[in-house]
Amino acid sequence: MNELDEKVLKKLNIDKLTHMFMDEINEQNLKLIEGIECLLEENFDGFEKNLKYVIKSTTEIQIKKAFESKIFKSKLMFSKADRLKLFSKINDMKNIGEFLANKMLLYKVIFPDEKFKLQVLSIIKSIKELLNNISEAVKSIGSDLSKSHDICEKIKEVRRKMRKEEWILLNRLWNYDMDYLSRTFLYLKELIEGIMLLADHIKNFAEYIQFLATKYLIFD
Amino acid sequence: MAEEFTSFLIIVLIIMGVALAFSIGANDETLAPLVGTGVIKFKTALILGGFAVGFGMVFFSEGVGKTVGANILGPGIKYTTFMLLAVLISSILWLIIGSLAGIPLSSTHSTIGSIFGVVIVFSLFTGGIEPSTAFNWEKLGNVVLSWFISPLFGLLMTFILFKIIAKLYLIKLKGMNQIEKSEKSFTRLLFIAVFFAEIWVGANSAECIGIFYGLYDNGSINQGEYYFFVFICGIFVFLGIYIAGRFVIKNLASQITDARPSEGFIIQISSSIILMICTLMALPISHSHVIVFCILGLNVAQKKEIDFKAMSKMAAYWVLTFPIAAIFAGFIYFGFISFGFF
């Protein structure tokens with residue numbers, strides 16, 4: 001966790017602060033995913049280390065404070081409310097990530113078999129793609145809304161693919177021959193649902209960005 | 001005794017005319033987009049806007065006032081004090097009924113409609129003048145025609161202006177930062193457009209100036225007094241905006257914080273050009289009708305959905321204003337005649 005220099009933060013404009021916030025939250029969510037990968041490899045130390053990083057990290061609060069004070073005084077005319085909403089949507093990603101990290105730390109699980117692990121890995125790969133795409137989309141809003149719009153279209157496509165993967169995984173989980181300890185079953189179920197919660201939020205976020213693109217851009 | 005009564009009525013008419021000027025200012029929402037963007041302080045906007053309307057009314061309203069106060073009448077007919085009183089009572093009552101029923105009506109249409117009703121009753125019941133010669137039909141026809149043409153021109157002008165600005169400039173803006181910066185520049189243009197519009201809103205306030213021109217034309221007041229009262233109206237329209245208009249403006253401005261200054265500029269500049277042309281041609285038109293059609297023009301240009309049901313309802317009220325105001329005023333004036341007041 002790296003503390004940021006308050007003076008440097010004060011000098012940054014609203015756009016730069018939003019990008020910095022996005023990077024920070026993206027980094028934390030990627031750490032969360034990395035932690036889940038460690039769990040798949042049964043590397044429990046790595047799992048705990050990564051998830052605790054997500055929970056304990058407070059850098060984003062500094063950025064948030066700097067952003068709020070800047071936007072309050074700013075003379076932006078009609079994009080002020082949209083920029084605030086954009087920022088809060090990024091913040092929601094942190095909240096979901098933190099919630100998931102706390103939940104995952106309650107217990108440690110050993111995955112039932114290699115096929116299940118591979119399918120979880122596939123979902124994880126997709127969520128990573130979503131995270132990186134949404135970060136890129138947010139950063140393009142200031143300079144190229146069409147580009148953001150197109151990236152968001154990709155996000156929606158990936159999320160659709162993930163939904164199918166989710167059902168395959170859940171189906172597998174519910175139909176195992178052997179009886180699992182209820183804690184293991186619940187943990188795995190909530191892990192999948194937690195990842196999908198983040199994916200759903202990113203998809204909603206993408207739709208909001210597309211709304212912004214249609215609101216601001218003038219088409220021929 | 002009769003002379004004293006007539007003098008008293010003239011004073012009543014003058015007070016009502018001045019009150020009308022105040023209410024024009026009080027209901028003027030032209031400043032709302034400017035206040036909504038926050039480009040200048042609210043009080044400064046009220047002072048400058050009020051000054052612009054007053055300026056327009058004092059210096060550019062004579063042609064329109066002359067049309068309403070004299071030129072739409074036929075040769076050999078002049079307004080009597082009771083005719084003007086019936087016109088004012090009818091148009092004010094009709095506007096109040098419209099407001100209470102939530103129907104947006106034009107005070108210009110209402111005034112001209114009232115004049116029509118009063119003059120027809122005058123020609124039918126007082127003798128000496130045929131209804132066919134009671135009006136300068138060419139002038140009246142031009143006025144009524146301008147009510148249909150001016151909103152359509154507003155629609156067309158906004159549509160074309162938006163297409164040109166969008167094609168040459170707006171379409172090239174890609175990011176939110178670029179758009180925000182560009183809209184900031186448009187606020188300056190909006191500032192100019194709004195004050196330009198305010199001048200012509202004041203100048204085209206026919207319902208108020210027409211009454212004073214009518215009084216001047218029938219010899220109730222002299223030329224010096226006419227200009228004096230026009231000046232007083234200018235002051236009262238300013239006070240109307242400053243004292244009472246602030247509530248309408250603040251309310252509307254708070255609802256349009258999301259509006260783009262570029263769109264506001266296109267609407268305001270189109271409507272003010274239409275108002276200016278009509279004022280210079282001495283044609284009293286409805287500012288609100290032009291504005292509604294300018295907004296419609298922008299929506300058509302942006303391919304936005306249009307509520308045709310609401311539009312047709314509004315159009316029906318617009319068309320009905322003239323005959324209803326005419327019938328209303330006719331009855332009031334007929335009542336005066338019944339008591340021997342011509």
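Heavy atoms only: backbone and side chains are in, while hydrogens, waters and symmetry mates are out. Residue numbers begin at 1 in each chain, while the letters A, B, ... track the order of the sequences.
In this structure, A/K117 fails the cation-pi test against A/F111, since its NZ or CZ atom is not both closer than 6.0 Å to the six-membered ring centre and inside 45 degrees of the ring normal.
Residue contact with chain A, scored on non-hydrogen atoms closer than 4.5 Å, is absent for B/F186. Heavy atoms closer than 4.5 Å to chain B are found in the backbone of A/S143, but not in its side chain. Only the side chain of A/L212 comes within contact range of chain B, judged by heavy atoms closer than 4.5 Å. Using a 4.5 Å cut-off between heavy atoms, A/D144 touches chain B through backbone and side chain atoms alike.
The shortest side-chain heavy-atom distance between B/M57 and B/I199 does not fall under the 4.5 Å cut-off.
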So A/F87 and A/F21, ring pair (Phe, Tyr, Trp, His ring centres under 6.0 Å) or not? Walk me through it. CA-CA 8 Å; A/F87 204 84; A/F21 191 65; 4.0 Å; yes
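Taking the ring centroids of B/W318 and B/H289, they lie under the 6.0 Å cut-off.
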